[in-house]
Amino acid sequence: MSIAILADIHANIEALTRVFEDMDQRGITRIVCLGDVIGYGPDPRECLKMCFASEVAIMGNHEEAVMFYGEDFNPKARASLEWTKDQLNSTDYERTENYDLWNFLGTMQQVVEDDDVMYTHGSPRVPTREYVVPADSRNTEKMAGIFELIKKVCFIGHSHIPHIYTSDMKHASPESLGGAIDLRKLGDRKVLINTGSVGQPRDGDKRSSYVTFDGNIVRFHRIEYDVQTTVDKIYAEERIPNFLADRLLVGR
Ligand SMILES: [Fe+2]
């Protein structure tokens, strides 16, 4: 049975709703959530609630920051972080509903391994912090250190750039592979797969990105959503910097 793997939703309910609709059409009900459900976007409560159903919930740096600390957040990320925290504690809602949100955050794990499949937010070395980007394929020491911790396949988010990295130091965009990769064709090679971002893509394509995985084949999906509605909500909330809306329009 296939699973859907979703990362970096970033409180974008318009994007998440469309991704759930796409999953429905594919008959997929199992969800792995790779973290950063919240932060940047205007609907943290609703996005968290939609993710309650995840069978694996990984902690992103934004969840870590609302729960523990966020000293290394830049001013724009910090502004949205403080606003998000206030939303989760809002007295406009039943106290039990707020508890449910915080309890769900508290269940999030840094790394989950299911046989030879690993899930984490950033990288297996520094789960909520380390970025892996295409240029890292030239950094053989970094990539070798990461692959040492992976049994066969590891799914990540964090950079918001959908990409495939293999332990022979090669890398590829999903498009260059026809949008799918068959793990059976990898031989002895291990693979690190960034699913891309549901709610704030940064690869120049503003559509949501997520993957489905049937145990052998990983398929990348790009889903159009009503970007303007999310943008307008961010503009209307003075505590969320407008820059976080503008980037959604261009996927950067
Ligand atoms: Fe993120």
Side-chain angles (χ1 to χ4, degrees), residues 4-16 19 31-48 50-51 54 56-85 87-88 104-105 108-112 119-134 136 154-163 192-211 220 222-223 225 227 230 234 240-241 243-252:
I5 309 173
L6 279 49
D8 297 286
I9 295 159
H10 283 297
N12 185 335
I13 197 73
E14 286 73 29
L16 183 59
V19 166
I31 303 161
V32 168
C33 174
L34 293 184
D36 279 5
V37 177
I38 57 173
Y40 299 143
D43 289 300
R45 300 180 68 97
E46 290 69 18
C47 288
L48 282 171
M50 280 181 80
C51 291
S54 310
V56 172
I58 297 292
M59 185 194 297
N61 50 309
H62 284 257
E63 281 87 28
E64 186 175 63
V66 294
M67 283 191 287
F68 306 113
Y69 58 89
E71 289 99 15
D72 57 343
F73 272 53
N74 66 48
K76 285 178 178 127
R78 170 162 293 283
S80 87
L81 170 71
E82 294 303 329
W83 178 82
T84 298
K85 217 186 270 188
Q87 291 302 301
L88 303 185
F104 176 59
L105 291 171
M108 290 179 167
Q109 295 170 276
Q110 299 226 344
V111 178
V112 169
Y119 304 105
T120 190
H121 182 66
S123 96
R125 293 201 305 191
V126 196
T128 57
R129 299 275 142 185
E130 187 171 54
Y131 285 93
V132 182
V133 294
D136 287 325
C154 178
F155 291 95
I156 57 168
H158 200 36
S159 74
H160 301 204
I161 297 169
H163 213 72
L192 181 66
I193 296 173
N194 191 310
T195 66
S197 167
V198 170
Q200 195 197 79
R202 294 180 192 161
D203 62 335
D205 182 342
K206 64 185 177 181
R207 295 174 299 170
S208 289
S209 176
Y210 82 105
V211 307
F220 288 80
R222 298 305 292 246
I223 311 297
Y225 73 96
V227 181
T230 317
I234 295 175
I240 308 180
F243 155 80
L244 294 169
D246 297 339
R247 68 187 310 174
L248 297 179
L249 292 165
V250 289
R252 286 283 176 205

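In each ligand, atom 1 is the first atom listed, and ligand 1 is the first ligand listed. Quick caveat, the model's predicted, so the values are computed rather than measured.
- Less than 2.8 Å away from the Fe ion (ligand 1), the protein contributes these N/O/S atoms: Asp8 OD1, His10 NE2, Asp36 OD2, His160 NE2.
- Side chain of Arg252 to backbone of Arg247: no donor-acceptor contact under 3.5 angstrom is found.
- With a 4.5 Å cut-off on side-chain heavy atoms, Leu16 and Leu6 count as touching.
- Here the closest non-hydrogen pair linking Arg202 and Tyr40 is NH2-CE1, 3.5 Å.
- A donor-acceptor pair under 3.5 Å is formed between the side chain of Thr120 and the backbone N or O of Gln110.
- A distance-only check finds no donor-acceptor pair linking the side chain of Asn194 to the backbone of His163 [under 3.5 Å].
- Note: His158 and Tyr131 have parallel aromatic rings, judged against thresholds of 30 and 60 degrees for the angle between ring planes.
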